[in-house]
Amino acid sequence: MPRLPPIATLCLLLALTVPAFADPAWPAPLPLEAGERIPLGPHAAVYLDPQGHSDPQALLADPDTRFRPLGTHAFNLGMAPGVLWVAFQLDPGGAPGARILNLDNPLFEHVTLFTRGPGGHWHEAGRNPSVGPSGELRPAWRHSFRIAAMEGVSRHLLRIDSGQALRFHAEIQTPAGHRAQSNHFWLAQGFYHGVILALALYNLFLFLTLRDTSYAWYIAFVLSTAAYFLFQRGLHLEFLPQVPIPVTHELMFTALALMSVFGLQFTRRFLITRRRDPALDRLLRLLLPAPLLGVALSLWAGPAAGVLFFSLAGLAAIVLILTAAARALWLHRFTPAAYLLGAWSVLILGMVVFILAALGWLPNNGLTYYGAQVGSALETVLLSLALADRIRALRAEREALARRGDQLERITLTDELTGLFNRRHLERRLPEMVAGARRRGDPLSVLLIDADDFKRINDTHGHPVGDQVLIRLGQALADSVRRGDTLCRYGGEEFVALLPGADARTAGAVARRMLRAVSRTPTPLQPHEPPQTVSIGLATLEPDDTPNGLFLRADKALYEAKQSGKNRVRGGSREPGVRS
């Protein structure tokens, strides 16, 4: 074989090596026959351009330009500075026809797709049109580009210039695949916002019914959460496509700030931290102005600073809320806090996944991209359940307190020895009964009852025996009054019966029944001593009587009964005393 001249050998080597160095970083062509929706990531190469070149010619002419394979299904370069260029090739193969390049992040400020033409010149690809509310065609509000049908392998460069995190998912789609992806997106967003709206309306009804401000804070929180995702997903651009992306950023951060404030206020009201956990309540209140600083920071330093601030401040707020819920559950035994703990745990898990993906530490996929929204939906449902359980728990607490209050009231108004009402209850009920009798025009009578010769029993047989006599005496008197009458131990051996609706004749009949019942009741002193007896003074309400005047007349009648021989009734109808 003849040897080539040295110069010819050098030219041949140069000819063989030029293709290897011409475009060394262009990835292998993406075969369009692979399906209706093909992830671009595995077939793309990326370059972060610190110079911020504005056109492909200048970019490719720069010797520092170095593309590298992405190697993943989704793009996630975190908070990287500069302009991102994405290089890819398309091979139509046996699947001719137009395609659509679709990016799922609507918050990038400037996105441009360049396609290299047959002559090697680069030109901008047009936006994929969408159908407006009136049926008119208009540019898509999402970053969606139409790639014309091609005969052979074509080269493309995607330029993204944004202060947002460089995190997105890109697909090469057929028109049918694009419609299917859009339908799935709207179905998912419609379901999420439908759940939020339904729970907000339901809890609005409960708020108007129960007047508990916890429901108001809950409604404000879930609506601000829905607003955040509405702006973060760019849904408002479907109806207001003219809204600039920087304005969308500020709307998103404002909704996020309101979401944080309302979430903190809801937690404070739900857990009643002001009363149950004052120290933690002060920390929650100190954190309330922080979200407003985040909005100001995003205006001053850009959306990347806002994202970083709210990522850190949001995590701090949720950790504090989780701490408050845990303390309420374990220290104060407030069981509805378990729902709150579960709800915020679900949200923080979704947010952590979302934030780590935004920072580039986790891959960008459906789970990480929609993690915070899924967590928000679950949290909204759990918080609604928490409110229902809170109402149940607070009602149970109020009922328990009412029962304890009733028990304490019975203790304070009941005579310890006889179990009858005591003097305190008499002093409260007598004025009430007098006022009620005057208002209704009904009669009212008072019986003042005193055990005859009771001092002798205590002096002769001792106080324990005297107590037994009083217990049996009280039971005999209680068995003699009517239903609705009030019998009290006034003090010592004296008792008072309040007889609403009883005139002098009826009260006299009750008093005589008492005399007979007491005289027939056995005592510890029998059969060695005669039966125990009582004397009774009766007074019936007169038009000019005061409660005290009515009682004094009964006391005067009792004195007359004692003076006239005991074991008798005096007062009322002025009838003579009756012996049993």
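Below, all heavy atoms of this structure are taken into account, side chains as well, without hydrogens, waters or symmetry copies.
Within 6.0 Å of OH in Y202 there are 12 or fewer heavy atoms belonging to other residues, nucleotides or ligands. Within a 6.0 Å radius of CD in E151, no more than 12 heavy atoms belonging to other residues, nucleotides or ligands are found.
Of the candidates E109, Q232, H236, H236 is the only one forming a side chain to side chain donor-acceptor pair (under 3.5 Å) with T248.
For the atom pair NE2 (H193) and CH2 (W186), the distance works out to 8.5 Å, reported to the nearest 0.5 Å. One distance of note links CZ of F75 with CG of L158; it measures 7.5 Å at 0.5 Å rounding. Between L383 atom CG and T225 atom OG1 the span is 9.0 Å, to the nearest 0.5 Å. Between T209 atom OG1 and F207 atom CZ the span is 10.5 Å, to the nearest 0.5 Å. With values rounded to the nearest 0.5 angstrom, L378 atom CG is found 12.0 Å from S345 atom OG. Atom-to-atom distance recorded for L197:CG and T380:OG1 is 12.0 Å, nearest 0.5 angstrom.
With contacts defined as side-chain heavy-atom distances shorter than 4.5 Å, the pair W26/F67 does not qualify. Counting only heavy atoms from C-beta outward, the side chains of I172 and L90 approach each other to under 4.5 Å. T115 places none of its side-chain heavy atoms less than 4.5 Å from the side chain of L157. Between Y47 and L59, some side-chain heavy-atom pair lies under the 4.5 Å cut-off. Contact check for L84 versus L166: side-chain heavy atoms found under the 4.5 Å cut-off. At a threshold of 4.5 Å between non-hydrogen side-chain atoms, the residues W122 and L60 count as touching. Within the 4.5 Å cutoff, the side chain of Q373 has heavy atoms near those of the F229 side chain. Here the side chains of H178 and N102 are in contact, with some heavy-atom distance below 4.5 Å.
Within the 3.5 Å criterion, the main-chain N or O of L256 finds a donor-acceptor partner in the side chain of S260. Side-chain N or O atoms of D212 include none that pairs as donor or acceptor with a backbone N or O of Y215 at under 3.5 Å. At distances below 3.5 Å, not a single donor-acceptor pair connects side-chain atoms of H110 with backbone N or O atoms of S162. Using modelled atom types, no side-chain atom of S384 and backbone atom of V381 make a donor-acceptor pair closer than 3.5 Å. Looking at H249, its side chain does come within 3.5 Å of a backbone N or O of L107 through a donor-acceptor pair. A donor-acceptor contact shorter than 3.5 Å is absent between the side chain of Y218 and the backbone of G263. Side chain of T174 to backbone of G177: a donor-acceptor contact under 3.5 angstrom is found.
Between the side chains of N105 and H143, no donor-acceptor pair is found at a separation under 3.5 Å. In summary, the side chains of H156 and S154 do present a donor paired with an acceptor at a separation below 3.5 Å, with no hydrogens or angles considered. With 3.5 Å as the limit, one finds no donor-acceptor pair spanning the side chains of Y228 and S376. Side chains of R159 and T112: no donor on one and acceptor on the other come within 3.5 Å.
Between R127 and F145 the shortest heavy-atom distance is NE-CE2, 3.6 Å. Closest approach of F221 to E379, counting heavy atoms only: CE2-OE1, 3.4 Å. The minimum heavy-atom distance linking F262 with S224 is given by the pair CD1-OG, 3.7 Å. I245 and P106 get closest at one heavy-atom pair: CD1-O, 3.4 Å. Nearest heavy atoms, V153 versus P29: CG1-CG, 4.0 Å. Of all heavy-atom pairs spanning A325 and L341, the tightest one is CB-CD1, 3.9 Å.
D281 pairs by the salt bridge (charged side-chain N to carboxylate O under 4.0 Å, His left out) definition with R268, R285, not counting sequence neighbours. Scanning for side chain to side chain contact (heavy atoms under 4.5 Å, CB included) contacts around E171 gives R37, H169, Q173, Q181, with sequence neighbours left out.
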Carefully, step by step, assess S298 and E250 under the rule side chain to side chain contact (heavy atoms under 4.5 Å, CB included). CA-CA 7 Å; S298 67; E250 294 313 312; 2.9 Å; yes
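Using a 4.0 Å cut-off between charged side-chain N and carboxylate O, R142 and D104 make no salt bridge.
F334 carries R276 over the face of its six-membered ring, with the cationic atom under 6.0 Å from the centre and within 45° of the normal.
Sequence neighbours left out, not one pair with a member in residues 191-211 passes salt bridge (Lys or Arg N to Asp or Glu O under 4.0 Å).
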